[in-house]
There are 2 protein chains.
Amino acid sequence: MLSLKFNRTTEYALRAMANLALQRHDRPMTAKALSKATDIPQHYLSKIMKKLVEAGLVMSQKGHGGGFSLGKPNNEIPFLDILVASGYESHPNRCVYGWGECNNEAPCPLHDSWVELNDAFKEWAMKKTLMDVRGHPVQAPGDATEGV
Amino acid sequence: MLSLKFNRTTEYALRAMANLALQRHDRPMTAKALSKATDIPQHYLSKIMKKLVEAGLVMSQKGHGGGFSLGKPNNEIPFLDILVASGYESHPNRCVYGWGECNNEAPCPLHDSWVELNDAFKEWAMKKTLMDVRGHPVQAPGDATEGV
DNA sequence: CATACAATAGATGATTTTATCTATTGAGTC
DNA sequence: GACTCAATAGATAAAATCATCTATTGTATG
């Protein structure tokens, strides 16, 4: 079984955003609560949230009653933005084959294959948004949700 | 520009294999030579080569005149095998959302999206083989290759 | 069989990533 | 305005990854 691996920071960013997106009430969610819900170390999470805030994907509110909430509607937050905001892109198109210069004009032996994979990845990241996170009931249908 | 990131070990494995695949003469290639050609630290490379040997993707020959050569024909070595052999799979389908149990029956909110991406990834990894590495001239057409 | 070559193995070190801890700043409530 | 809540910031620590160094084992050649 092969599966992609994101680094923790990116994985956490995705996880936190998905969690925020599933929040029903429109009251902001505190870092502490989010940390608990996502099982992400609180202070580590805070640093990630900061990045997401800076990217405009999340709004933050200090002080009593404050917390985090989405900065845009679900469907306007593609995973791509979350990946980028979380700092996923540290090695901008680094050549797997090790060539300093590697592009369509001077492609390394792996270039074409590599591009194919990345195109698929990029397509996914652009197409999928936080809207796609809803799709399963998060809790059992009969549970008691406090009325909005 | 978003692009996938493999860890170094995996990237190196891919790179080394691609390099071996492009070798014209059928004499084995020493770790030293391969290290130089791929710009991978020699002893680090050796450890990776060991894994590839164990997986049967590479044959190794000790002693004078020895070195590494492909263990199978190019087209029988899909990238998938290289990834797996290099140890890419450390977290067997870890749930991005952090759920211990996460599968089609009990899918986390990110599951479907995640599966979609991974399917694309797996398809790529299975489809592409070392044969796809040939496709560009490695050296200028008119260069002097020693006769086989 | 002595020598040089070359893979294998194990120990050690550097760097990066991940995680934690301790303030500090900002905002609402009594 | 004192108090509590909660994000922000920075320093520090733990762990994993990446890299190097030093033997050791195995193989061909003079």
Side-chain angles (χ1 to χ4, degrees), chain A residues 5-16 20 23 27-71 83 85-91 94 96 98, chain B residues 5-16 20 23 27-71 83 85-91 94 96 98:
Chain A
K5 268 190 321 192
F6 287 138
N7 58 27
R8 284 293 166 90
T9 302
T10 297
E11 178 185 317
Y12 286 168
L14 227 36
R15 197 189 293 182
L20 276 185
Q23 226 51 35
R27 296 228 312 262
M29 196 175 187
T30 69
K32 198 173 173 184
L34 192 54
S35 161
K36 215 160 196 172
T38 54
D39 202 37
I40 301 172
Q42 178 172 347
H43 288 85
Y44 193 19
L45 174 60
S46 287
K47 288 189 174 55
I48 298 172
M49 295 313 290
K50 187 194 156 198
K51 294 181 184 179
L52 296 171
V53 168
E54 284 170 352
L57 305 181
V58 164
M59 282 178 10
S60 70
Q61 176 65 34
K62 276 189 173 184
H64 199 130
F68 298 101
S69 46
L70 290 188
L83 299 186
S86 75
Y88 182 72
E89 248 319 74
S90 30
H91 309 286
R94 162 192 182 81
V96 201
Chain B
K5 266 191 322 190
F6 288 137
N7 57 25
R8 283 293 166 91
T9 300
T10 296
E11 178 186 316
Y12 285 169
L14 227 38
R15 198 190 291 183
L20 276 186
Q23 226 52 34
R27 297 225 313 258
M29 196 174 186
T30 70
K32 198 173 173 185
L34 192 54
S35 162
K36 215 161 197 171
T38 54
D39 203 37
I40 300 172
Q42 179 173 347
H43 288 85
Y44 194 18
L45 174 61
S46 287
K47 290 193 173 51
I48 298 172
M49 294 314 290
K50 186 195 157 199
K51 294 181 183 177
L52 297 172
V53 168
E54 284 170 353
L57 306 181
V58 165
M59 282 178 10
S60 71
Q61 176 66 33
K62 275 188 173 183
H64 198 128
F68 298 99
S69 47
L70 290 187
L83 299 186
S86 76
Y88 181 71
E89 247 319 74
S90 32
H91 308 287
R94 165 190 180 83
V96 201

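In the text below, chain A, chain B and the rest are named by the order of the sequence lines, each starting its count at 1.
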Review point. Tell me, which of residues 28-36 of chain B have any heavy atom that sits under 4.0 Å from an atom in DNA chain C?
Key: Met29(B), Thr30(B), Ala31(B)

Point to revise | Candidate pair Met49(A) and Leu20(A), rule side chain to side chain contact (heavy atoms under 4.5 Å, CB included), full reasoning | key: CA-CA 11 Å; Met49(A) 295 313 290; Leu20(A) 276 185; 4.0 Å; yes

Practice item. Could you pull out the closest heavy-atom pair between Ala85(A) and Ala55(A), with the gap in Å? Key: CB-CB, 3.5 Å

Exercise for review: Hey, could you give me the CD1/CD distance between Ile48(A) and Glu11(A), rounded to the nearest 0.5 Å?
Suggested key: 9.5 Å

**Study point:** Leu70(B) side, atom CG; Leu52(B) side, atom CG - distance, nearest 0.5 Å
**Key:** 10.0 Å

Check your understanding: Can you check the Tyr88(A) OH to dT18(C) P distance for me, whole Å?
Key -> 12 Å

Review point. Start at the 5' end of DNA chain C and walk down; is the nucleotide closest to Pro41(A) or to Ser60(B) reached first?
Key: Ser60(B)

Point to revise | Interatomic distance where CZ belongs to Phe6(A) and P belongs to dT17(C) [whole Å] | key: 16 Å

Check your understanding: Does any N or O donor sit under 3.5 Å from an N or O acceptor when you compare the side chain of His43(B) with the base of dT8(C)?
Key -> no

Exercise for review: Identify the heavy atoms of Arg15(B) and Asp39(B) that sit nearest to each other, and give their distance.
Suggested key: NH1-O, 3.9 Å

Point to revise | Within residues 44-56 of chain B, residues whose heavy atoms come under 4.0 Å of DNA chain D | key: Tyr44(B), Lys47(B)

Point to revise | Between dT20(D) (C1') and Gln42(B) (CD): distance, integer Å | key: 11 Å

What pairs of nitrogen or oxygen atoms, one from the protein and one from nucleotides 26-30 of chain C, lie under 3.5 Å apart?
from: dG26(C); atom 1: O4'; to: Lys62(A); atom 2: NZ; distance (Å): 3.1
from: dG26(C); atom 1: N2; to: Gly63(A); atom 2: N; distance (Å): 3.0

Review point. For Met59(B) and dA6(C), what is the distance between atoms CE and C1' respectively, to the nearest whole Å?
Key: 15 Å

Check your understanding: Is any side-chain heavy atom of Leu45(B) less than 4.5 Å from a side-chain heavy atom of Gln42(B)?
Key -> no

Practice item. Quick one: do Tyr44(B) and Thr9(B) satisfy side-chain hydrogen bond (donor to acceptor under 3.5 Å, both in side chains)? Show the steps, please. Key: CA-CA 9 Å; Tyr44(B) 194 18; Thr9(B) 300; 2.6 Å; yes

Point to revise | d(CG, Asn7(A); P, dC18(D)) in whole Å | key: 12 Å

List every contact pair, protein side and nucleotides 13-15 of chain D side both N or O, where the distance is under 3.5 Å.
none

Exercise for review: Take the protein atom NZ of Lys5(B) and the nucleotide atom P of dC18(D), then report the distance between them rounded to whole Å.
Suggested key: 11 Å

Point to revise | Residue list, side chain to side chain contact (heavy atoms under 4.5 Å, CB included) with Thr10(B), at least two apart or on another chain | key: Phe6(B), Asn7(B), Leu83(B), Ser86(B), Tyr88(B)

**Study point:** Pairwise side-chain hydrogen bond (donor to acceptor under 3.5 Å, both in side chains) hits with a residue in residues 50-66 of chain B, at least two apart
**Key:** none

Revision key, fill the gap. Testing dA19(C), dA7(D), dT8(C) for proximity to the side chain of Arg8(A), the answer is dA19(C)

Check your understanding: Looking only at heavy atoms, what is the nearest atom pair of Ser46(B) and Ala31(B), with distance?
Key -> OG-CB, 4.1 Å

